[in-house]
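Sharing a structure, written as structure tokens. Questions coming.
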Amino acid sequence: MSRIVIIEDEPELAAGLRDNLEFEHHRVALAPTGAEGLKLAAQKPTDLVLLDIGLPDIDGFEVCRRLRAAGATMPIIILTARGQEIDKVRGLELGADDYVTKPFSLRELLARVHAALRRAERKPAAKLQFKVGERTVDLVRQKVILPKGELPLGYYESEVLRVLHEHVGEAVPRNELLERIWGVGVGPADRTVDNHIVSLRRKLEPDPKNPRHLLTAHAVGYKLVL
Ligand code: CA
């Protein structure tokens with residue numbers, strides 16, 4: 001049983017999500033505004049946040065940024081409108097883990113919730129830190145440490161880096177990343193891995209347009225070079 005906070009201002013959508021998650025024995029708290037959601041997520045240990053982008057007060061990006069800035073490491077799944085690739089990347093950049101596109105199928109959303117909760121349960125066995133150029137990746141704290149400051153990593157970003165680091169210097173096929181991280185049957189669109197790479201490049205590369213560490217292996221996948 002997990003505690004899930006839903007931050008969504010459409011009452012019918014929020015109630016539908018709550019009913020389905022409660023049916024699966026999760027405890028659910030609903031927040032119709034960003035401020036209320038931040039409060040609920042801070043009140044009690046929270047295992048997962050479902051976060052709408054368009055909220056009546058502060059937007060979902062800001063909610064995500066504030067959660068991560070406060071040190072929260074639970075998975076955050078953002079709910080975004082169709083075709084908003086920019087939203088997706090921006091959300092990931094701010095430390096969200098995954099996104100679903102509205103209107104979504106309930107089945108897809110629940111599959112992603114389950115996958116995120118399963119991932120979150122698996123704590124890393126050992127402390128894992130490594131340098132990527134001038135920056136340090138800390139997979140336990142889910143941060144990129146810069147010479148000045150830190151950037152948050154989402155769960156899936158951390159997992160992408162973990163798998164690429166296991167095969168450092170080698171190309172890892174996109175399919176392998178999808179299978180190992182998102183799980184077979186979840187069926188994320190093909191852009192899932194690519195959006196996470198775009199977001200990771202912004203965190204790891206001094207010049208994200210000319211990557212030197214997170215390289216595209218043409219027609220195969222991606223490769224990490226330290
Ligand atoms: Ca909304």
Side-chain angles (χ1 to χ4, degrees), residues 1-82 84 87-88 90-123 142 152-159 181-189 192 195-196:
M1 187 173 79
S2 304
R3 180 173 193 262
I4 297 173
V5 172
I6 300 174
I7 309 174
E8 166 64 64
D9 63 331
E10 279 174 59
E12 279 180 24
L13 177 56
L17 292 174
R18 180 196 56 205
D19 292 350
N20 277 278
L21 290 166
E22 283 182 349
F23 183 73
E24 298 186 331
H25 308 293
H26 299 297
R27 280 170 298 138
V28 178
L30 291 188
T33 65
E36 183 71 14
L38 285 168
K39 212 162 80 186
L40 287 178
Q43 264 170 5
K44 291 182 192 162
T46 300
D47 299 295
L48 184 128
V49 173
L50 289 178
L51 177 60
D52 184 27
I53 291 296
L55 292 167
D57 54 345
I58 49 175
D59 69 20
F61 297 124
E62 179 60 15
V63 174
C64 186
R65 195 192 65 73
R66 289 193 201 175
L67 282 168
R68 292 302 188 222
T73 59
M74 82 289 273
I76 299 172
I77 300 178
I78 56 176
L79 311 174
T80 179
R82 185 184 289 285
Q84 301 287 306
D87 279 10
K88 294 170 187 171
R90 174 128 191 256
L92 299 174
E93 230 181 340
L94 291 168
D97 298 282
D98 201 4
Y99 47 82
V100 292
T101 305
K102 288 182 183 181
F104 46 80
S105 85
L106 194 60
R107 226 177 113 209
E108 183 195 350
L109 180 76
L110 292 176
R112 283 169 181 258
V113 166
H114 295 153
L117 289 172
R118 271 201 308 276
R119 299 252 136 227
E121 270 173 20
R122 269 186 245 155
K123 296 282 174 221
Q142 290 182 215
L153 288 171
Y155 270 101
Y156 288 104
E157 286 184 328
S158 303
E159 290 299 311
I181 297 168
W182 281 269
V184 184
V186 175
T192 299
N195 283 333
H196 281 77

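All values below were derived from every heavy atom in this structure, side-chain atoms included, with hydrogens, water molecules and symmetry-related copies excluded.
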- T33 and P56: which non-hydrogen atoms are nearest, and at how many Å?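 Between these two residues, the closest heavy atoms are CG2-CG, 4.0 Å.
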
- Do you know which two heavy atoms are closest between V63 and I7, and how far apart they sit?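 In terms of heavy atoms, the two residues are closest at CG1-CD1, 3.9 Å.
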
- Item | Whether E62 side chain and D59 backbone form a donor-acceptor pair below 3.5 Å |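 No, the answer is negative, given that no donor and acceptor are paired below the 3.5 Å cut-off.
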
- Query: Taking NZ, NE, NH1 and NH2 as the nitrogens, is one of them in E93 or R65 under 4.0 Å from a carboxylate oxygen of the other?
  - Reply: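 Salt bridge absent between E93 and R65.
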
- Task: Would you mind checking if R68 and D97 are paired as a salt bridge, meaning a charged N to carboxylate O distance below 4.0 Å?
- Result: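 Yes, charged N to carboxylate O under 4.0 Å.
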
- Message: With a 4.0 Å cut-off on N to O distance, would you call E8 and K102 a salt bridge?
- Response: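 Yes, charged N to carboxylate O under 4.0 Å.
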
- Message: Between E24 and N20, is the side chain to side chain contact (heavy atoms under 4.5 Å, CB included) condition met? List the steps.
- Response: CA-CA 7 Å; E24 298 186 331; N20 277 278; over 6 Å; no

- Query: Which heavy atom in S158 sits nearest to a heavy atom in L153, and how many Å separate them?
  - Reply: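 For S158 and L153, the tightest heavy-atom pair comes out as OG-CB, 3.6 Å.
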
- Kindly indicate, with the supporting measurements, whether the criterion side chain to side chain contact (heavy atoms under 4.5 Å, CB included) is fulfilled by D9 and D52. CA-CA 8 Å; D9 63 331; D52 184 27; 3.1 Å; yes

- Test side chain to side chain contact (heavy atoms under 4.5 Å, CB included) on L109 and L79 and set out the steps. CA-CA 9 Å; L109 180 76; L79 311 174; 4.1 Å; yes

- Query: Between I6 and L13, does a side chain to side chain contact (heavy atoms under 4.5 Å, CB included) hold up when you go through it step by step?
  - Reply: CA-CA 10 Å; I6 300 174; L13 177 56; over 6 Å; no

- Message: Whether the Y99 and N195 side chains hold a donor-acceptor pair (N or O, under 3.5 Å, no angle test) is what I'd like checked.
- Response: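 The answer is yes; a qualifying pair exists.
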
- Would you name the heavy atoms of I58 and L38 that are closest together and state the gap between them?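 The pair with the smallest heavy-atom distance is CD1-CD1, 3.8 Å.
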
- Query: Is there side-chain contact between I4 and V49, with heavy atoms separated by less than 4.5 Å?
  - Reply: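 Side-chain contact under 4.5 Å: no.
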
- Closest approach of L40 and A29, non-hydrogen atoms and distance?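 Here L40 and A29 meet closest at CD1-CB, 3.9 Å.
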
- Message: I need the minimum non-hydrogen distance between A14 and L30, along with the two atoms involved.
- Response: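 Minimum heavy-atom contact is O-CD2, 3.7 Å.
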
- Task: To the nearest 0.5 angstrom, please state how far the NE2 atom of H196 sits from the CD atom of E159.
- Result: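 Reported value, rounded in 0.5 Å steps: 10.5 Å.
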
- Find the distance between CG (L117) and CZ (R112) and round it off to the nearest 0.5 Å.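 The CZ atom of R112 is 14.0 Å from CG of L117, to the nearest 0.5 Å.
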
- Query: Would a 4.5 Å heavy-atom cut-off, applied to side chains only, mark L48 and T46 as touching?
  - Reply: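 L48 does not reach T46 side chain to side chain.
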
- Task: Examine distances only and state if a side-chain atom of H114 and a backbone atom of L110 form a donor-acceptor pair shorter than 3.5 Å.
- Result: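 Looks like yes, one N/O pair under 3.5 Å.
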
- Task: In plain terms, say whether R3 and D47 are close enough for a salt bridge, that is, a side-chain N and a carboxylate O under 4.0 Å apart.
- Result: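 No, this pair does not count.
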
